2 protein chains.
Amino acid sequence: MSPTTIRDVARAANVSIATVSRVLNDSPAVRPATRDKVAAVMADLDYVPNLTARRLSLGRTLTIGIALPFLTLPSFVERLRGVQYVLTESEYDLALFSAETPNRLESCLANLFGRARVDGAIVVSFQLNEEQVNQFLQSDIPVVVIDAWQPEMNRVIVDDVEGGRLAINHLLELGHRRIAFLSDYLENPFNFVSMQYRFDGYRQALEEAGIEFNPEYQQEGELGGREAYQKAVKLLTLPDRPTAIFAASDTHAIGVLKAAHDLGIKVPEDLSVIGYDDIRDAEYLHLTTIRQHLFEMGVEGANMLLRELREPAGDPLEVCLPTQLVVRGTTASPN
Amino acid sequence: MSPTTIRDVARAANVSIATVSRVLNDSPAVRPATRDKVAAVMADLDYVPNLTARRLSLGRTLTIGIALPFLTLPSFVERLRGVQYVLTESEYDLALFSAETPNRLESCLANLFGRARVDGAIVVSFQLNEEQVNQFLQSDIPVVVIDAWQPEMNRVIVDDVEGGRLAINHLLELGHRRIAFLSDYLENPFNFVSMQYRFDGYRQALEEAGIEFNPEYQQEGELGGREAYQKAVKLLTLPDRPTAIFAASDTHAIGVLKAAHDLGIKVPEDLSVIGYDDIRDAEYLHLTTIRQHLFEMGVEGANMLLRELREPAGDPLEVCLPTQLVVRGTTASPN
DNA sequence: CTGTTAGCGCATTCAC
DNA sequence: GTGAATGCGCTAACAG
């Protein structure tokens, strides 16, 4: 048997479907008595309005899409959480588009924008190429980009160059001179650029301190902690090994800590380690790090999108979230 | 200006909308020449079919909903990934319903099932109450439950009792007798039950070995690594401290490792640690653990749901994934 | 092979 | 306040 529709309710309540629709939408233009009767019938019949029909009629999908590279790094998940947190309270559903592999990246974005499936979109950490940007701008659905700097688009960002400088300046103040930088591949198939900015901050801070950049002290690898471990071992077995390592994410930093431990190098006595992100685990690991407000980026992004959906601003909006040094137990002055 | 519709295409191509619809749906019953002409016009007009209309017409939402407790534990995210991975290849969109807090749990499920928004649903790690089960069964949309045992519903599970026994038997074989168990609160607001099963396995294995259960050796805490750290400290500062700890998740185990490290207790010489899950980080941490195939659970669940969507089986299906001891570096015989 | 037509379930004018 | 009628964009018989 087919589900009960607005027509069934109307018939049973002896009113027109228009009236049922009105009580459904809390229209004030309906007599309380009628409203109550209709409501009673709806309850009685277990009536559930058909969202799809409503959507078609409204000309809105009532869903927001989020595209992100993958879900295996906590930083992406945190931002997703922030978005989800806000949207739960809204009228919008959240549709997930996670690429997972570089070769699915294109199709992931194409899916999101291709078929008018969403009223708005949030794009996390993708650096879009010109063609994609144009496509999105033309699709005339509001888009907010999180953690990528697209001047033509609404965005929520952090100043990663500044974050990198904060990290290095902290180490410099402690007296370190041999400071290494460990990150993902700066040129990566997913086109993340935040690591690059952190690296820029690293370079700048060193230069200002009059310290020459030592290419041996820069290591790039695949994403994730395991690779970071191996790269850290490389750094720590250098003849003139660094006294401090700036890991471009906490996940990397954890790999570094593990490597130091396995090599019998004491942190922070023999090695200082500073991470980036301030993920949940950072606190109890006593990891010194640069905090960026991952969850809040999601929140801000979602709110910005909801605002755009309500009344589009003319120019692209930007929210830049602060970055902040959090000193814990993994950094100290070198011996 | 409103987006171009099937009618615009029909007009421009000098065919009926039915024909346009046919080429849209790859109907073989259309002459190649016509098909090409229509396709050309579609491309020319940047025509994008309206998904909502298609959905209404088909009477299907073409979306699948996934409900889970929260996203801050890797094990949930992994299962989500598995689901997302197979759905990407399907015609279905994935709508995310994550409760995040216990008080949102009810509304999360109600949202998912309340308004006919999805054609099918995947429920992760929720132990549903009778009322909810009935609601789902009546909603007549296919549901697959992952990581929770609901006899009336389709499900993907692992044998957590067996997993617990595997862990303990490994420790017993190594010669341990003082074995502690560390987990979330077994009674928790989210109603997870897998930890309880693992605990059952722990109890069983001990009993079979003729070892009496020592309540001091059981610690429960809030979710996550930080709490696990504190609970581990408690265990490790016991006068007659355990020689081995079975942590009911790898996240917990990592907290234990950290605690042992901070207390100067060597692993595995002075303390054996075994985890559960085999999350990505477990490998490079050399963590001995019980592997469960988290990602695969998502894959299996999604495939099961797609199958049900295609042709509903009469009886509830069950897939039970294997659990497996993975010996690495954190377990050894006690001194 | 192709066109005509009738819905899908709801929102929304416009009369009354 | 309420009802009748129209349309949202597409699919699917049914004719031809």
Side-chain angles (χ1 to χ4, degrees), chain A residues 1-39 41-42 45-63 91 93 114-119 139-141, chain B residues 1-39 41-42 45-63 91 93 114-119 141:
Chain A
M1 37 150 231
S2 51
T4 94
T5 78
I6 198 173
R7 237 173 292 272
D8 302 324
V9 176
R11 199 173 309 125
N14 253 317
V15 296
S16 75
I17 64 167
T19 300
V20 178
S21 178
R22 287 195 187 95
V23 341
L24 230 41
N25 293 286
D26 288 316
S27 161
V30 48
R31 201 189 327 156
T34 332
R35 160 188 315 286
D36 293 345
K37 189 174 64 176
V38 172
V41 171
M42 295 201 305
L45 266 51
D46 279 330
Y47 169 64
V48 173
N50 181 313
L51 243 188
T52 305
R54 177 179 166 77
R55 285 167 169 158
L56 179 59
S57 192
L58 288 175
R60 306 197 291 150
T61 64
L62 298 180
T63 107
E91 59 182 334
D93 281 357
R115 307 207 75 185
R117 16 182 127 233
V118 296
D119 291 337
S139 80
D140 89 357
I141 76 170
Chain B
M1 38 149 232
S2 51
T4 92
T5 77
I6 198 174
R7 237 172 292 271
D8 301 324
V9 176
R11 198 173 309 127
N14 252 318
V15 296
S16 73
I17 62 169
T19 300
V20 178
S21 176
R22 288 195 187 93
V23 341
L24 230 41
N25 294 286
D26 288 317
S27 160
V30 48
R31 203 192 323 158
T34 330
R35 159 189 317 287
D36 293 346
K37 188 174 63 175
V38 172
V41 171
M42 295 202 302
L45 265 50
D46 278 330
Y47 168 64
V48 173
N50 181 314
L51 242 191
T52 304
R54 177 179 165 77
R55 285 167 170 160
L56 179 60
S57 190
L58 288 175
R60 306 196 292 149
T61 63
L62 298 180
T63 108
E91 61 183 330
D93 280 357
R115 308 206 74 183
R117 11 183 132 234
V118 297
D119 290 338
I141 75 170

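Heavy atoms only: backbone and side chains are in, while hydrogens, waters and symmetry mates are out. The shown structure was predicted, so the numbers you read here are calculated from the model rather than taken from an experiment. Residue numbers begin at 1 in each chain, while the letters A, B, ... track the order of the sequences.
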Within-4.5 Å side-chain heavy-atom neighbours: B:Val15 and B:Val20: yes
Rounded to the Å, how far apart are B:Asn50 CG and D:dT11 C1'? 13 Å
Specify the separation, in whole Å, of atom CG of B:Leu24 and atom P of D:dT11. 5 Å
Against the side chain of B:Ser57, the closest entry in C:dA11, D:dC10, D:dG3 is D:dC10
Can you check the B:Leu62 CG to C:dC8 P distance for me, whole Å? 18 Å
For DNA chain D, which residues in residues 28-39 of chain B have a heavy atom at a distance below 4.0 Å? none
Quick check for you: to the nearest 0.5 Å, what is the distance between B:Glu91 atom CD and B:Arg60 atom CZ? 4.5 Å
Could you tell me how far apart B:Tyr47 (OH) and D:dG9 (P) are, to the nearest whole angstrom? 10 Å
Using a heavy-atom cut-off of 4.0 Å across all strands, would you classify B:Asn14 as base, sugar-phosphate, or nothing? sugar-phosphate
Under-4.0 Å side-chain N/O to phosphate OP1/OP2 contact, A:Arg54 with C:dA11: yes
Identify which one of B:Leu51, B:Thr52, B:Asn50 satisfies the side chain to side chain contact (heavy atoms under 4.5 Å, CB included) criterion when paired with A:Arg55. B:Thr52
Whole angstroms only, please: what is the CG-P distance between B:Asp8 and D:dG9? 9 Å
Mapping B:Leu58 and B:Ile17 onto DNA chain C by nearest heavy atom, which one lands closer to the 5' end? B:Ile17
Contact under 4.0 Å: B:Ser16 side-chain N or O vs C:dT2 OP1/OP2: no
Taking the side chain as everything from C-beta on, heavy atoms only, tell me whether B:Ile6 gets closer than 4.5 Å to B:Ser21. yes
Please determine if a side-chain N or O atom of A:Thr19 lies less than 4.0 Å away from the OP1 or OP2 oxygen of D:dT2. no
Does B:Val15 reach a base, just sugar-phosphate, or nothing at all? Heavy atoms under 4.0 Å. sugar-phosphate
Quick one: pull up OG1 in B:Thr61 and CD1 in B:Ile141 and give me the separation to the nearest 0.5 Å. 8.0 Å
Protein-nucleotide distance (A:Arg7, atom CZ; D:dA4, atom C1'), rounded to Å: 12 Å
What is the distance, rounded to the nearest whole Å, between atom CZ of B:Arg11 and atom P of C:dG3? 14 Å
Side-chain atoms of A:Ser21 come closest, of D:dT2, C:dA11, D:dT11, to C:dA11
With a 4.5 Å heavy-atom cut-off, do B:Arg54 and B:Asn25 have their side chains touching? yes
Given C:dC8, C:dG3, D:dC10, which nucleotide is nearest the side-chain atoms of B:Leu56? C:dC8
Which residue, B:Asp8, B:Asp36, B:Val9, forms the side chain to side chain contact (heavy atoms under 4.5 Å, CB included) with B:Val41? B:Val9
Within the modelled atom types, does a donor on one side and an acceptor on the other bring the side chain of B:Arg22 and the base of C:dG3 under 3.5 Å apart? yes
Does a side-chain heavy-atom distance below 4.5 Å link A:Asp26 with A:Arg35? yes
The helix from C:dC1-D:dG16 to C:dC16-D:dG1: angle between its terminal axes, five pairs each, to 10°? 40°
When rounded to whole Å, the CD1 to P distance for the pair B:Ile6 and C:dT5 reads 16 Å
Report yes if some heavy atom in the side chain of B:Arg22 is under 4.5 Å from a heavy atom in the side chain of B:Val38; otherwise report no. no
